[in-house]
Amino acid sequence: MSSASEPLVALAGLPGVADSVDSVRKAVDRVYGHRVMRRRSGEITSEAALRGARGSAALSGADWALEEVRRRTDFGAEPEALTVGAALRLTAEAGQLLSIWRQSPLRVLARLHLVAVGSTAEGDVVGRPRLAGEPVAEPLVEAPLPSADEVAGRLDGLSRLIIAGGSAPALVTAAVVHGELLALRPFGSYNGLVARAAERIVLINSGLDPKAICPAEVGHAEQGTEAYLAAFDGYLSGTAQGMAAWIAHCGRAIELGVRESTAVCEALQRGAA
């Protein structure tokens with residue numbers, strides 16, 4: 001095992017984390033074993049993507065009803081519409097970047113930001129980590145903003161962790177990627193959406209959720225903004241207890257995403273969807 005992956009393996013040994021990992025794996029296995037998955041997994045994947053995008057947008061301040069997200073085709077100038085549109089594009093793009101993630105995660109993050117910003121891109125500030133003095137629009141997270149130099153160093157460290165791979169559970173890796181990107185806020189905008197899209201990529205690419213039917217974003221939104229930020233404070237603390245709480249929160253989000261997709265499976269089985 002590469003030494004670069006040792007921090008993630010150490011996190012997996014924190015009190016309670018093994019229980020979260022086991023609980024997530026059992027929940028994922030159950031939905032993958034649903035009889036509907038044998039015939040209609042593509043429909044479950046599509047619905048999970050839509051619901052995941054809605055959940056991620058809700059955490060970034062655009063809490064639209066699912067049917068509103070489903071029916072809308074215009075995601076133009078209004079701030080909430082732009083956020084929902086960005087979330088939808090990111091969810092669609094995540095599946096196209098799996099082969100690149102383990103070789104060049106920073107390239108994937110740059111692409112995610114470009115996709116999130118979309119047609120509103122201006123100049124050279126899009127798709128690259130921010131420079132000293134450049135502003136960040138991320139109203140949800142009020143934690144102190146790391147300097148541009150710190151961002152560059154920690155992104156490099158995160159990249160080395162991902163490339164190194166190792167034996168850490170997918171839940172642990174996904175939680176760290178999500179938490180670190182939210183802490184760094186490396187881009188000028190849409191950092192929360194990018195962080196949750198990166199979490200999605202880890203869960204799919206790790207083999208835990210290869211069909212992308214367990215939308216953690218749904219679970220993060222369902223637990224609420226207050227709980228999300230409280231768990232994130234644990235990540236920011238860097239303490240064993242805080243990190244374990246953040247990982248457990250992310251695990252619960254996956255389980256709630258599983259519950260959502262299980263409900264979709266049941267509806268399809270009844271012929272109601």
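Below, each value reflects all heavy atoms present in this structure, side chains not excepted, and no hydrogens, waters or symmetry copies. As the structure is a computational prediction, the values presented were derived from the model and not from experiment.
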Original post:
Quick one: salt bridge (charged side-chain N to carboxylate O under 4.0 Å, His left out) partners of E68, sequence neighbours excluded?
Top reply: R71, R72
Original post:
Can you name the salt bridge (charged side-chain N to carboxylate O under 4.0 Å, His left out) partners of D22, sequence neighbours left out?
Top reply: K26
Original post:
If every non-hydrogen atom of L256 is compared with every non-hydrogen atom of V218, which pair is closest and at what distance?
Top reply: O-CG1, 4.5 Å
Subject >> Main-chain N/O of T239 paired with S237 side-chain donor or acceptor, under 3.5 Å >> reply: yes
**OP:** Spell out, as yes or no, whether a donor-acceptor pair under 3.5 Å connects the side chain of R89 to the backbone of V115.
**Re:** yes
Subject >> Atom pair CH2/CG of W101 and N205 - distance to nearest 0.5 Å >> reply: 9.0 Å
Subject >> Residues Q223, Y228; criterion side chain to side chain contact (heavy atoms under 4.5 Å, CB included); working and verdict >> reply: CA-CA 7 Å; Q223 292 178 90; Y228 183 71; over 6 Å; no
Subject >> L229 with V176, same ILVMFWY side-chain cluster at under 4.5 Å >> reply: yes
**OP:** May I ask you to decide whether E134 forms a salt bridge with R128, counting only side-chain N to carboxylate O separations under 4.0 Å?
**Re:** yes
Original post:
What class does the angle between the rings of H220 and W246 fall in, given that below 30° is parallel, 30 to 60° is tilted and above 60° is perpendicular?
Top reply: parallel
Subject >> Heavy atoms of other groups near R70 CZ, more than 12 under 6.0 Å >> reply: yes
Original post:
Going through the checks in order, is the side chain to side chain contact (heavy atoms under 4.5 Å, CB included) test met by V36 and E266?
Top reply: CA-CA 8 Å; V36 169; E266 295 293 336; over 6 Å; no
**OP:** Scan for salt bridge (Lys or Arg N to Asp or Glu O under 4.0 Å) pairs involving residues 27-37, sequence neighbours excluded, and state none if there are none.
**Re:** R25-D29
**OP:** Determine yes or no for a side-chain-to-main-chain donor-acceptor pair under 3.5 angstrom, with S23 supplying the side chain and S20 the backbone.
**Re:** no
**OP:** Could you grab the distance from atom SG of C214 to atom CG of L203, nearest 0.5 Å is fine?
**Re:** 8.5 Å
Original post:
Yes or no on side chain to side chain contact (heavy atoms under 4.5 Å, CB included) for F187 and V126, after CA distance, side-chain angles and deciding distance?
Top reply: CA-CA 7 Å; F187 302 111; V126 179; over 6 Å; no
**OP:** Check side-chain hydrogen bond (donor to acceptor under 3.5 Å, both in side chains) between R111 and all other residues, then give those that pass, not counting sequence neighbours.
**Re:** E93
Original post:
Around E142, counting heavy atoms of other residues, nucleotides and ligands shown, do more than 12 lie under 6.0 Å from its CD?
Top reply: no
**OP:** Using the test side-chain hydrogen bond (donor to acceptor under 3.5 Å, both in side chains), find all partners of S189 that sit at least two apart in sequence or belong to another chain.
**Re:** H113
Subject >> same_hphob_cluster(L59, L236) at 4.5 Å side-chain heavy-atom cutoff >> reply: yes
Subject >> Interatomic spacing from OG in S206 to CD1 in I201 - rounded to 0.5 Å >> reply: 11.5 Å
**OP:** Determine which pairs satisfy salt bridge (Lys or Arg N to Asp or Glu O under 4.0 Å) with at least one residue from residues 206-230, sequence neighbours left out, and list them in order.
**Re:** R200-E217, E222-R259
Original post:
Which value, rounded to the nearest 0.5 Å, describes the distance between L106 atom CG and L158 atom CG?
Top reply: 7.5 Å
**OP:** Indicate yes or no: at least one non-hydrogen side-chain atom of T45 is less than 4.5 angstrom from one of M37.
**Re:** no
**OP:** Check whether any side-chain N or O of S56 sits under 3.5 Å from a backbone N or O of A53 as a donor-acceptor pair, and report yes or no.
**Re:** no
Subject >> T262 side chain to V258 backbone, donor-acceptor under 3.5 Å >> reply: yes
N/O donor-acceptor pairs under 3.5 Å from side chains in residues 10-18, not counting sequence neighbours:
none

**OP:** If a pair satisfies salt bridge (Lys or Arg N to Asp or Glu O under 4.0 Å) and one of its residues is in residues 169-188, list it, with sequence neighbours excluded.
**Re:** R154-E180
**OP:** Consider only side-chain heavy atoms of I, L, V, M, F, W and Y, link residues closer than 4.5 Å, and tell whether I254 and Y32 are in one cluster.
**Re:** yes
**OP:** Check L171 against C250 and note the closest heavy-atom contact, atom names and distance.
**Re:** CD1-C, 3.9 Å
Subject >> Note: R196-E199 ion pair, threshold 4.0 Å (strictly below) >> reply: no
Original post:
Given side chains that start at C-beta, do those of S41 and I213 come closer than 4.5 Å, heavy atoms only?
Top reply: no
Subject >> Atom pair CG (L268) and CZ (R40), whose distance is rounded to the nearest 0.5 Å >> reply: 4.5 Å
**OP:** Drop me the distance from R39's CZ to C265's SG, to the nearest 0.5 angstrom.
**Re:** 10.0 Å
**OP:** Kindly give the heavy-atom pair with the smallest separation between L90 and A197, and that separation in Å.
**Re:** CB-CB, 4.2 Å
Original post:
Hey, does the side chain of S159 reach the backbone of L155 with a donor-acceptor pair shorter than 3.5 angstrom?
Top reply: no
Taking distance alone, no hydrogens or angles, what donor-acceptor pairs closer than 3.5 Å link side-chain atoms of residues 77-88 to residues at least two apart or in another chain?
{"from": "E80", "atom 1": "OE1", "to": "W64", "atom 2": "NE1", "distance (Å)": "2.9"}
{"from": "T83", "atom 1": "OG1", "to": "P79", "atom 2": "O", "distance (Å)": "3.1"}

Subject >> Contact summary for A183 and Y235, nearest pair of heavy atoms >> reply: CB-CE2, 4.3 Å
Original post:
Does Y190 share a hydrophobic cluster with V69, counting links as ILVMFWY side-chain heavy atoms below 4.5 Å and allowing steps through other members?
Top reply: no
Subject >> With E260 via side-chain hydrogen bond (donor to acceptor under 3.5 Å, both in side chains) - residues at least two apart >> reply: R51
Subject >> Heavy-atom pair with the smallest gap, counting every atom of A65 and R54 >> reply: C-CD, 4.1 Å
Original post:
Where do L184 and N191 land on the side chain to side chain contact (heavy atoms under 4.5 Å, CB included) test, with the steps shown first?
Top reply: CA-CA 9 Å; L184 294 178; N191 288 288; over 6 Å; no
**OP:** Sequence neighbours left out, what pairs pass salt bridge (Lys or Arg N to Asp or Glu O under 4.0 Å) with at least one residue falling in residues 229-254?
**Re:** none
Subject >> Considering all heavy atoms, the nearest P215-G52 contact >> reply: CB-CA, 4.0 Å
Original post:
Among all residues two or more places apart in sequence or in another chain, which pass the side-chain hydrogen bond (donor to acceptor under 3.5 Å, both in side chains) test with S46?
Top reply: none
**OP:** Is it possible for you to say whether L145 and V151 belong to one hydrophobic cluster, with membership spreading through side-chain heavy-atom contacts below 4.5 Å?
**Re:** no
**OP:** Please confirm whether F232 and H178 have ring centers closer than 6.0 angstrom.
**Re:** no
Subject >> Exceeds 12 heavy-atom contacts within 6.0 angstrom, atom CD of Q241 >> reply: no
